[in-house]
Amino acid sequence: MNSRGLLLLTNDGELAQKISHPSQGSEKEYLVWLRDDPGEKSIRASFQKGILDAGEVLRAKMVKLLPGASCVYRVVLGEGKKRQIRRMFQASGTRVLDLQRIRVGSIELEKLNLKEGEFLLRDADEVWE
């Protein structure tokens, strides 16, 4: 309920491993709307260095404020931990209002041309490059 965007469901174990295991290097990309902007420079530095939260070091591969949009960031993760983006922004002094996954690996939500709530059925070889 608190997040939206690209969601991949599979019963193919090999595909699930490619999608989710950090050793496979599959990036996840998000758009994040914030209550207020703590500042791009400090966010970028702390997210790339890593934030210690609940005994875990949380890192982002890339963080960028969207041009012309206040309080909207593009965030790329190399591995996703439970509620990672929300935890990282909370540690930086702000709250996530909306979170949308826009990419998993080479699969981009925009290129699928789907409206929110729509879905596609695909075989693994049609989905993953």
Side-chain angles (χ1 to χ4, degrees):
M1 277 181 55
N2 295 323
S3 302
R4 59 194 176 102
L6 182 61
L7 179 64
L8 303 175
L9 303 174
T10 183
N11 61 359
D12 181 325
E14 187 177 325
L15 178 61
Q17 192 74 353
K18 283 182 182 179
I19 293 169
S20 61
H21 200 276
S23 67
Q24 298 296 316
S26 180
E27 296 178 339
K28 284 95 179 154
E29 187 170 349
Y30 300 83
L31 292 179
V32 185
W33 288 260
L34 303 176
R35 181 182 59 206
D36 43 50
D37 187 4
E40 184 178 12
K41 282 186 179 182
S42 66
I43 289 291
R44 185 181 304 126
S46 64
F47 279 29
Q48 290 177 344
K49 178 182 174 189
I51 294 172
L52 183 62
D53 182 67
E56 293 182 297
V57 177
L58 308 174
R59 285 188 182 85
K61 291 179 87 173
M62 191 275 297
V63 180
K64 185 174 182 168
L65 183 64
L66 286 185
S70 62
C71 302
V72 182
Y73 281 81
R74 182 178 298 268
V75 178
V76 176
L77 301 179
E79 68 175 312
K81 297 179 180 172
K82 186 176 181 181
R83 299 180 54 80
Q84 178 173 343
I85 290 175
R86 292 179 188 281
R87 291 165 56 194
M88 292 173 76
F89 277 109
Q90 183 176 1
S92 300
T94 191
R95 187 170 64 96
V96 172
L97 299 176
D98 192 15
L99 179 67
Q100 181 184 30
R101 183 182 299 135
I102 59 171
R103 181 174 63 88
V104 175
S106 62
I107 304 168
E108 296 180 47
L109 183 59
E110 184 177 63
K111 290 181 180 177
L112 294 174
N113 198 26
L114 295 171
K115 294 179 181 142
E116 198 159 319
E118 291 182 333
F119 64 93
L120 292 172
L121 295 175
R122 295 287 187 252
D123 290 331
D125 58 347
E126 293 178 285
V127 174
W128 211 258
E129 297 175 10

Main-chain N/O of Asp37 paired with Tyr73 side-chain donor or acceptor, under 3.5 Å: no

Check: Arg4 and Asp98 side chains under 4.5 Å, non-hydrogen atoms: yes

Same apolar cluster: Ile85 and Val72, side chain cutoff 4.5 Å: no

Ser3 side chain vs Leu99 backbone, donor-acceptor pair below 3.5 Å: no

Validation row: Val76, Lys28 side chains within 4.5 angstrom (heavy atoms): no

Closest contact, heavy atoms only, Val57 versus Gly50: CG1-CA, 4.0 Å

Side chain to side chain, Leu7 and Phe119, heavy atoms closer than 4.5 Å: no

ILVMFWY network linking Val104 to Ile102, side-chain heavy atoms under 4.5 angstrom: no

Over 12 non-hydrogen atoms of neighbours within 6.0 angstrom of CZ in Arg83: no

Check: Gln100 and Leu109 side chains under 4.5 Å, non-hydrogen atoms: yes

Within-4.5 Å side-chain heavy-atom neighbours: Leu31 and Leu66: yes

In one Ile/Leu/Val/Met/Phe/Trp/Tyr side-chain cluster, 4.5 Å: Met62, Trp33: no

Contact summary for Ala54 and Arg87, nearest pair of heavy atoms: CB-NH2, 4.1 Å

Test item: Gln90 side-chain N/O and Val96 main-chain N/O as donor-acceptor pair under 3.5 Å: no

Neighbour count >12 (heavy atoms, 6.0 Å) for atom CD, Glu110: no

Same apolar cluster (I L V M F W Y, side chains within < 4.5 Å links), Leu6/Leu77: no

